[in-house]
Structure formats: structure tokens, C-alpha cells
Protein chains: 2
Amino acid sequence: MYLCAVKNADTRERILHRMYGDIHKNGFQGLRADKVVADMDITKGALYHYFPSKQSIGIAVVDEIIKPNYLAFYRALNQSIGHPIDQIKAHIVELSRIMDDENIALGCPLNNLIQEMSPIDEVFRLQLKSVIDGMYRSVADALRRGQAAGLVKENIDPDAVANFYLSSLEGSFGIAKVQKSVPMFRSSMDMLCQFMESLRK
Amino acid sequence: MYLCAVKNADTRERILHRMYGDIHKNGFQGLRADKVVADMDITKGALYHYFPSKQSIGIAVVDEIIKPNYLAFYRALNQSIGHPIDQIKAHIVELSRIMDDENIALGCPLNNLIQEMSPIDEVFRLQLKSVIDGMYRSVADALRRGQAAGLVKENIDPDAVANFYLSSLEGSFGIAKVQKSVPMFRSSMDMLCQFMESLRK
DNA sequence: AAAGGTACATACTAGTTGGTATGCACGCAA
DNA sequence: TTGCGTGCATACCAACTAGTATGTACCTTT
């Protein structure tokens with residue numbers, strides 16, 4: 001029955017997306033993988049057919065969901081020929097716009113996993129670092145191109161700025177999360193926009 | 001035997017400090033309270049004599065260790081009559097100075113707990129929020145006093161700046177943690193200093 | 001010195017967690 | 001049509017986790 005074939009074909013991805021949601025809510029250590037699949041009317045048999053261990057679920061979530069999702073924007077930053085500061089500011093404004101109460105209360109999935117897993121699981125840490133590194137390089141390169149094109153102040157260090165930008169961005173998610181406050185998050189994003197604007201030549 | 005009496009007098013605090021250390025390493029969900037006390041040659045009897053539940057251990061750690069520790073500096077900020085921007089910068093420089101590889105790898109204890117516990121435990125979240133609120137108000141008030149004294153630009157919003165400052169600070173811990181890089185943390189602290197300097201009148 | 005509270009130690013336990021072992025239905029290639 | 005791989009379902013399990021129940025030595029109060 002081809003309906004079944006279609007269903008089977010994406011069982012793994014359906015599981016993965018639910019795991020992503022549960023990790024977002026409860027953290028990786030709080031993830032109860034068997035309960036998540038039970039909630040989908042799937043048994044542990046299916047789960048352990050696709051994933052050899054709990055850790056592999058977390059790694060797959062980072063690798064197949066979080067990483068492509070986060071790097072999509074930053075890759076666009078590298079290919080475009082617009083003003084890098086405008087592009088980065090547009091991204092900040094977009095984030096401000098789409099974040100609602102629930103997303104703020106749950107926090108940034110990437111930041112959550114970094115804080116929880118980096119110190120206790122080196123495999124996790126390296127996967128998460130590769131995502132951050134990708135974002136970091138895209139921003140730094142965009143600023144460098146901006147400098148070369150005379151659009152960005154020459155006396156700033158693109159690497160330092162990129163690092164500070166990511167820190168402020170993720171930190172804003174973190175502080176807004178404990179406050180459960182979308183306005184606080186937007187206020188932080190406004191300040192970050194002002195900071196980026198100050199780099200314009 | 002008074003030796004025993006002295007030992008007994010601070011058993012609770014000794015347990016609490018070890019719990020703080022283990023939570024710093026493994027997170028609250030990763031805390032194995034019985035193993036921590038066993039490591040101190042103390043049994044579960046003593047542990048549950050002082051703490052009714054695992055949650056109460058975490059709350060006590062926030063309330064009795066993290067909160068006083070973090071608010072110490074910020075209270076000083078409120079009582080002093082120096083230049084608020086110099087004081088805040090001095091704090092940033094001090095943080096830069098004392099953070100070593102291990103501390104960076106483990107991250108900021110306050111930030112760690114915020115990211116892990118805020119979404120899943122409201123009691124925790126409110127305790128953690130009270131710490132952040134305390135820091136936030138001290139910084140905002142210091143900036144307001146600076147404005148009144150003509151030391152800080154009038155066109156900045158002290159609340160927005162205080163919020164952004166805390167976000168950047170905690171975010172810098174988070175990003176440095178996944179990078180396991182003290183230089184990255186120091187670079188972020190330098191940028192934060194520059195940002196604070198830009199507020200001087 | 002009797003009584004009661006404090007400060008633990010020891011032993012036990014229900015429920016959970018992260019799996020494993022096994023079976024079996026189905027599609028497909030030989 | 002037979003054998004084999006894929007895609008699950010069911011049942012089982014050892015270790016762990018967060019406690020509880022109970023006992024007891026010591027100290028203090030009366």
C-alpha cells in the first residue's frame with residue numbers, strides 16, 4: 001500500500017520534529033523519548049529502529065533541524081550584495097517581529113542546548129559549536145566585505161563584532177526567557193540594532 | 001563533643017556548596033544529590049534532614065549562594081558615588097580577569113539555571129528572575145544617577161541599556177562556553193566596555 | 001535523670017529511564 | 001516461492017532516581 005510507504009518514508013522525520021519540540025520545552029536531559037513517540041502512537045520499536053540511542057536523537061536534532069534552520073539566514077548574508085548592516089538589522093527586526101510569548105518563554109533552541117549540553121557532552125558541544133561557528137563566520141565575512149566596499153567603519157574588528165553580536169543576540173533570548181517578556185526582548189533587539197548602526201561608515 | 005557540634009553546625013552549608021558545584025557542572029536535572037553527599041561521606045539521612053526535596057536544594061542554592069553572591073557587586077554600585085560607567089567597566093574588567101578555562105567551560109551558574117529551569121519550573125524561574133531584577137535595577141538606577149549628575153548621556157534609556165548590558169554579559173558567557181574560549185569571552189567583554197563607554201557624556 | 005528534640009545512619013521501595021530481545025508483517029529481488 | 005531486508009510492535013529488564021521508614025546517639029531542657 002503506497003500510503004503506508006509514504007508514511008514510513010518520513011516516520012523518522014516525524015519523530016525527529018516531535019523530539020525537537022520536546023527538547024525545546026524540557027531540555028535534552030528532560031526529554032522522555034519513549035513518551036514522545038507514545039504520544040504519536042508509535043512504539044519504542046520504531047524509535048530504536050531509527051535511532052541507536054538517546055544521544056543520537058539529540059545530535060540528529062541539532063544536525064538535521066537546528067543547524068540548517070539557523071544557517072539559512074546567515075548563508076543568505078554571504079551571497080547577497082546588499083549593505084551588510086542593513087541585512088543584519090533586517091534579521092534582528094524579523095526576529096523581533098516573529099517572537100511571541102511562547103517562543104520567548106521557551107527560549108532559543110540553540111542557546112538552550114548550548115547552555116545545557118556543552119559542559120557535559122563533548123559530542124554535543126562540537127555539533128553546537130559548528131552551528132555557532134557558521135553564524136559567526138558569515139557575520140564576520142559580511143562585515144569584512146562591508147569594510148572593503150567602504151560601507152563599514154575600518155577601525156572595527158569584524159571578528160570581535162560578530163562574536164559580540166551573537167553573544168548579545170543569544171543573551172537577549174536568555175534574559176527575556178527568565179523575564180517571560182517579549183517587550184524586554186524587543187528592547188534588547190532595538191539596542192542591538194543601534195549598536196550595529198554605529199558601525200556604519 | 002564540641003568538635004562534632006561545630007561540624008554539625010555547618011553541615012547544611014557544606015552540603016549546599018557541594019550541590020552548587022555539582023549543579024554548576026551537570027545542571028539541576030543532572031544533579032545526583034545522593035551521590036554528591038556520598039562523596040562527602042554523608043548519607044541521604046543527613047541530606048533529607050536538611051532538605052525536604054531535590055527542588056528545595058536548587059532553590060536554596062539560588063537563594064543562599066547565587067543571589068547574595070551576584071547582588072554583592074550591584075549593591076555596591078548603588079551605594080558608591082563614583083562614575084557609574086567607570087564602575088560598570090571595572091566590573092567587566094574584573095570578570096574578564098578572573099575567568100579561567102574551567103569557569104568558561106562551565107558557564108555562568110546563574111545563566112545556566114535560567115536557561116535550564118525557567119521554562120519547566122515556575123518556582124525556580126521566579127527566584128532566578130528576582131536575581132536578574134536586582135541586577136537590572138541597580139544598573140538602571142546607577143545610569144539614572146549618572147544622567148542626573150551630568151555624567152551619562154541624557155538621550156539613552158537607562159532601563160533599555162541595563163537590560164541590554166545584562167543580556168550581552170550573560171550571552172557572552174553562553175557563547176564562550178560552547179567555544180570553550182577565554183579569549184572569545186574577553187573579546188566580548190572588551191566590546192561591552194566600548195559600548196558602555198559610548199554612553200559617557 | 002527523664003523527656004524531647006536535633007542530627008544524622010541504614011535499609012528499603014515504587015516508579016522511571018533508557019534501553020534490549022524477539023517476533024512478525026510486508027515488499028522485493030532472485 | 002523463497003529468502004531477506006525494512007519497518008515496525010510487544011514484552012521484558014537492569015540500573016537508577018528520588019525519595020521514605022525507621023532507628024539511634026547525643027544534646028538540651030526541665
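Labels below follow one simple rule: chain letters A, B, ... track the order of the sequence lines, proteins then strands, and each chain is numbered from 1.
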Note to self: With nearest nucleotide decided by heavy atoms, which residue, A/G45 or A/R32, maps closer to the 5′ end of DNA chain C?
What the structure shows: A/R32
Item checked: Short side-chain N/O contact from A/K35 to OP1 or OP2 of C/dT16, under 4.0 Å -> no
Check: Does a donor on one side chain sit under 3.5 Å from an acceptor on the other, for A/K177 and A/N112?
Finding: yes
Margin query: Closest approach to the side chain of B/T43, judged atom by atom: which nucleotide of D/dT10, C/dA9, C/dG18 is it?
Written below: C/dA9
Next item on the list: Specify the separation, in whole Å, of atom NE2 of A/H49 and atom C1' of C/dT20.
Entry: 16 Å
Notebook entry, point to check: Ring centroid separation for A/F28 and A/F124, is it under 6.0 angstrom?
Noted result: yes
Check: Expressed in angstrom and rounded to an integer, what is the separation of B/D10 atom CG from C/dT6 atom C1'?
Finding: 15 Å
Notebook entry, point to check: Between D/dA9 atom C1' and A/Y50 atom OH, what is the distance in whole Å?
Noted result: 13 Å
Checklist line | Among D/dA18, C/dG19, C/dC8, the nucleotide that comes nearest once only the side chain of A/K54 is considered | finding: C/dG19
Check: In whole Å, what is the span from the CE atom of B/M19 to the P atom of D/dT17?
Finding: 13 Å
Margin query: Whole angstroms only, please: what is the CG-P distance between A/D34 and D/dT10?
Written below: 15 Å
Check: When the distance from CZ of B/F51 to P of C/dC8 is rounded to whole Å, what number comes out?
Finding: 12 Å
Checklist line | Atom-pair distance (CD on B/Q55; C1' on D/dT17), nearest Å | finding: 16 Å
Margin query: Below 30° counts as parallel, above 60° as perpendicular, anything between as tilted: where do the rings of A/F73 and A/H91 land?
Written below: parallel
Margin query: What is the separation between atom CG on A/N26 and atom P on C/dT16, rounded to the nearest whole Å?
Written below: 15 Å
Next item on the list: Mark yes or no for a side-chain to base donor-acceptor pair under 3.5 Å between B/K44 and C/dA9, with no hydrogen or angle criteria applied.
Entry: no
Check: Will you find, in the side chains of A/D190 and A/Q194, an N or O donor that is under 3.5 Å from an N or O acceptor?
Finding: no
Check: Within the structure, does a side-chain N or O atom of A/Y48 lie under 4.0 Å from either OP1 or OP2 of D/dC8?
Finding: no
Check: Do the side-chain N or O atoms of A/T11 get closer than 4.0 angstrom to the phosphate oxygens (OP1, OP2) of D/dC8?
Finding: yes
Next item on the list: Check A/L113, A/I57, A/V123 against A/V62 for a side-chain contact (heavy atoms from CB on, under 4.5 Å) and give me the one that passes.
Entry: A/L113
